[in-house]
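Presented below is the structure to which this report refers.
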Amino acid sequence: MSARILQGDCRDVLAEFADESFDCIVTDPPYGETSLAWDKWPDGWPAAARRVLKRTGSMWVFGSIRMFLDNIGEFAGWRLAQDIVWEKHNGSGLHADRFKRVHECAAQFYRDDAAWARVYKAPQFTSDATARTVRRKGRPPHMGEIGDSAYRSEDGGPRLMRSVIYARSEHGRAEHPTQKPIEIVEPLLLYACPIGGTVLDCFAGSGTTGVVARRHGIDAVLIEADPKYTSIAASRIENDAPLLSRVSA
Ligand SMILES: C[S@@+](CC[C@H](N)C(=O)[O-])C[C@H]1O[C@@H](n2cnc3c(N)ncnc32)[C@H](O)[C@@H]1O
């Protein structure tokens with residue numbers, strides 16, 4: 001497994017890669033919603049990312065509804081597949097006249113010249129099903145006879161992972177102001193990246209995508225404009241100790 005960390009503007013760095021170089025993209029762009037110096041949407045990055053993604057691949061993009069609507073034209077050439085909600089344990093909004101904001105979103109896109117049926121996907125499961133029995137009616141002979149059937153699940157058995165995913169935010173222990181938790185990046189990466197594949201993150205920050213990729217033996221190319229964060233990403237990936245980080249959480 002290798003993690004390459006490249007410093008620079010992702011639009012310039014991506015120009016060095018051949019068409020269809022990557023199996024999937026998991027990325028967390030600047031939302032353009034804070035006063036942080038780097039928090040400005042880089043025009044044109046979705047088009048640059050599209051060129052280097054395989055037609056069998058897909059791209060998960062973290063963001064807010066506001067971010068996606070403000071930049072909707074930037075997603076020309078992409079089709080929306082699905083979205084998930086990351087539910088946090090605490091809020092990040094500062095507006096006293098709105099709902100307390102305790103979530104962010106991630107949307108999955110695929111190229112508009114690709115067929116969804118051929119896009120790689122590995123549905124994720126959790127082991128928390130409630131026991132139940134689903135009975136299916138039989139079909140009469142003129143419709144192609146199919147007999148009655150019953151499907152039983154067990155308490156604690158597997159079920160499809162829900163699209164609202166709870167994960168504690170990294171508030172108070174992060175090395176980057178908008179660092180994403182491993183637990184929210186992990187199911188998205190495993191859903192979208194085939195075994196032996198390579199993931200691209202155009203906005204690596206502290207390298208969370210690289211940490212998850214390394215844990216699962218997936219190759220990663222991480223691009224980050226700020227050299228301070230490329231060093232942090234390299235150190236996190238190098239020193240990642242899954243058991244210790246779970247204990248300290
Ligand atoms: C939302 S943060 C990513 C945080 C990351 N997901 C993590 O867990 O640490 C976005 C990052 O994109 C970087 N950035 C902003 N514009 C960029 C550009 N044009 N090319 C590459 N990186 C850029 C910022 O420096 C910032 O670290």
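Quick note: residue numbers are just sequence positions, from 1. Start at 1 and go down the list; that is how both ligands and their atoms are numbered. All of these numbers come straight from a predicted model, not from anything done at the bench.
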Open item on the list: For the residue pair Glu33 / Ser64, report whether a side-chain donor-acceptor contact shorter than 3.5 Å exists.
Closed with: yes
Open item on the list: Tell me which residues fall inside the under-4.0 Å heavy-atom shell around ligand 1.
Closed with: Gly8, Asp9, Cys10, Asp28, Pro29, Pro30, Trp38, Pro42, His176, Thr178, Gln179, Lys180, Cys202, Phe203, Ala204, Gly205, Ser206, Thr208, Glu224, Ala225, Tyr229
- [ ] Run the salt-bridge test on Arg162 and Asp128 with the 4.0 Å N-O cut-off and return the result as yes or no.
- [x] no
Task: Close aromatic pair by centroid cut-off 6.0 Å: Trp38 and Tyr229 - done: no
Open item on the list: Looking only at side-chain N and O atoms, does Gln179 offer a donor or acceptor that is under 3.5 Å from a partner on Ser206?
Closed with: yes
Open item on the list: Just to verify, what does Arg51 make a side-chain hydrogen bond (donor to acceptor under 3.5 Å, both in side chains) with, not counting sequence neighbours?
Closed with: Asp19
Task: Side-chain donor or acceptor of Glu74 paired with backbone N/O of Gly44 under 3.5 Å - done: yes
